Student: 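Questions regarding the structure given below will be posed in turn.
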Amino acid sequence: MAYQSLTGRVPFDGEDSFSIGYKHIMEEIPTPPLETYDQRTVFEITRKMMAKSPDERFQSADDLVQALEAGGGFAAVGLATAATKAIPSLAGVRMASAPTTPLPRIADKLGTEHHKRSVAAGIALWVVVVGIGLGAPGLYAYKKGLLFFARAAPADSASGAPRDTLAQRLLSDTGVPPALDTADTARTRLVPPGTLGRLTLQGLPAGARVTLNGMPFRGSQGDVPPGTYRLAVRASGFEPYDRQVVITPGAPSTVRIELQPASGEAGSNAGPCDQYGPAYNQDHLCFDTRPLPLSLTRIPVPADATIFPRQAILLIHVSKDGSTLEARVFGPSNLDTFNNEALDMAKTLRWNPAQRNGEPVDAWVQWIFQPVRQ
């Protein structure tokens, strides 16, 4: 506290309590920049108070008081390793002002308390020394995995990189911090939980449609939020490909796509344009222009209808010859009867088919069927 009051900082600091305790026991206190004579005088008194050896410190409170009352004399501080000598002139003043009648009981009491404090300080010092002596080998054995409960745990990507602390230097076999392998450092570096991972797909055929949890994934590489995904690949002439992919925060993930050729009639339904989904017609893979009906899709509603229906959105599969292959209710109306009327109309509709590279192709399309009051 005296050192910090004088210099504005603690004498010893470190990365952990072990290194700070080691410095308190083994290292001399650092000399700070001191500008005035009084500061240097107080620092010498503080350094003597913090001496490692008990013989080099003030031997009593009276010795410390004498040094402080000396007003800055370095001779009173006693820089030698021997016990502090009393200053004759100051001692004379103190003797003159001292009571003429001795107080043996008080002196005995003070001597007893001083002896108790010395014993307590010695015990505390020995506890620290014994703790270091026993703790360091125990920590060494724990680090080496020699204890039954200390087994090397796999590196966790969320744990911080090992730091070069004094304890590690003391416990290492050579006394030098162990070199960190580059791969281990990259694997154990601290990565924020939401950091994007890099997904790379290998062996992806041209024209394939890729989705992660039903959402389109463009190209063969991309940054993906960490998590678990269902990877789906659909390509013309190949069997559907599905697998689970785990994306780790800040880490690359490579997936080798091995598609099986489609056989028989299954090949005609395995293409990315044969089933409608969220990524349908991604990058105009299925058609350039969508199908268009040759007649209006308006359904008359009686004027005296108690409830006027909302529109219905249908999902219709149109063949390349302009006929309806399949119709489904995609956005239903509030009346089931109107949904059924829309389905009946869709089945009989004729279309201008979708076009791909100037040729008609099968395609899915969403279409609105409007109610019209008669």
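All values derive from a computational prediction rather than experimental measurement.
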Student: Does some side-chain heavy atom of Ile316 sit less than 4.5 Å from a side-chain heavy atom of Trp351?
Tutor: yes
Student: Taking C-beta and beyond as the side chain, do Thr195 and Pro226 meet within less than 4.5 Å on heavy atoms?
Tutor: no
Student: For a 4.5 angstrom cut-off between non-hydrogen side-chain atoms, does Ile257 reach Leu231?
Tutor: yes
Student: Just by distance, do the side chain of Thr324 and the backbone of Ala346 share a donor-acceptor pair under 3.5 Å?
Tutor: yes
Student: Mind checking the CG-CG spacing from Leu212 to Leu201? Nearest 0.5 Å is all I need.
Tutor: 7.5 Å
Student: Other residues, nucleotides and ligands only: do more than 12 of their heavy atoms fall within 6.0 Å of CZ on Arg298?
Tutor: no
Student: According to ring pair (Phe, Tyr, Trp, His ring centres under 6.0 Å), does anything in residues 286-321 pair up with another residue at least two apart or in another chain? List the pairs.
Tutor: His317-Trp364
Student: Can you tell if the side chain of Leu296 reaches within under 4.5 Å of the side chain of Gln370, non-hydrogen atoms only?
Tutor: no
Student: How long is the span from the SG atom in Cys273 to the CG atom in Leu285, to the nearest 0.5 Å?
Tutor: 4.5 Å
Student: Once ring pair (Phe, Tyr, Trp, His ring centres under 6.0 Å) is applied, what residue pairs with a partner in residues 190-212 remain, sequence neighbours excluded?
Tutor: none
Student: Among Val42, Asp63, Ile45, which residue meets the side chain to side chain contact (heavy atoms under 4.5 Å, CB included) test with Leu68?
Tutor: Ile45
Student: Roughly how far apart are Thr211 OG1 and Tyr229 OH, rounded to 0.5 Å?
Tutor: 12.5 Å
Student: Looking at Arg310, is its backbone amide N or carbonyl O close enough to the side chain of Ser333 to form a donor-acceptor pair, meaning the two atoms are under 3.5 Å apart?
Tutor: yes
Student: Taking C-beta and beyond as the side chain, do Pro261 and Glu239 meet within less than 4.5 Å on heavy atoms?
Tutor: no
Student: Return yes if a side-chain donor-acceptor contact under 3.5 Å exists between Asp16 and Ser19, otherwise no.
Tutor: yes
Student: Can any side-chain N or O of Arg57 pair as donor or acceptor with the backbone N or O of Lys52 at less than 3.5 Å?
Tutor: yes
Student: So do the side chains of Pro309 and Glu341 get within less than 4.5 Å of each other, counting heavy atoms only?
Tutor: no
Student: For the backbone of Pro54 and the side chain of Gln59, can you confirm whether one donor and one acceptor N or O come within less than 3.5 Å of each other?
Tutor: yes
Student: Look at the side chain of Asn339 and the backbone N and O of Pro332, then say whether any donor-acceptor pair between them is shorter than 3.5 Å.
Tutor: no
Student: Check whether more than 12 heavy atoms from other residues, nucleotides or ligands sit under 6.0 Å from atom CD of Gln374, and answer yes or no.
Tutor: yes
Student: Atom CG in Leu6, atom CZ in Phe43: separation rounded to 0.5 Å?
Tutor: 8.0 Å
Student: Just verifying a value: how many Å separate Thr297 OG1 and Ile299 CD1, rounded to the nearest 0.5 Å?
Tutor: 8.0 Å
Student: Taking the side chain from Asn352 and the backbone from Leu292, do they hold a donor-acceptor pair closer than 3.5 Å?
Tutor: no
Student: Are Thr289 and His284 close enough that some pair of their side-chain heavy atoms sits under 4.5 Å apart?
Tutor: no
Student: Please assess Val372 against Val301 for the test side-chain contact (heavy atoms from CB on, under 4.5 Å), listing each intermediate value before the final yes or no.
Tutor: CA-CA 6 Å; Val372 178; Val301 177; over 6 Å; no
Student: Taking NZ, NE, NH1 and NH2 as the nitrogens, is one of them in Arg356 or Glu359 under 4.0 Å from a carboxylate oxygen of the other?
Tutor: no
Student: Measuring from atom CD of Gln202 to atom CD of Gln221, what distance do you get when rounded to the nearest 0.5 angstrom?
Tutor: 9.0 Å
Student: Is there a donor-acceptor contact under 3.5 Å from the side chain of Ser323 to the main chain of Ser319?
Tutor: no
Student: Could you tell me which residues satisfy ring pair (Phe, Tyr, Trp, His ring centres under 6.0 Å) with Phe338, sequence neighbours excluded, listed by chain and number?
Tutor: none
Student: Among the clusters formed by ILVMFWY side chains lying less than 4.5 Å apart, do Val224 and Val255 turn up in the same one?
Tutor: yes
Student: Please examine the side chains of Val365 and Tyr276, heavy atoms only from C-beta on, and report whether any two atoms are closer than 4.5 Å.
Tutor: no
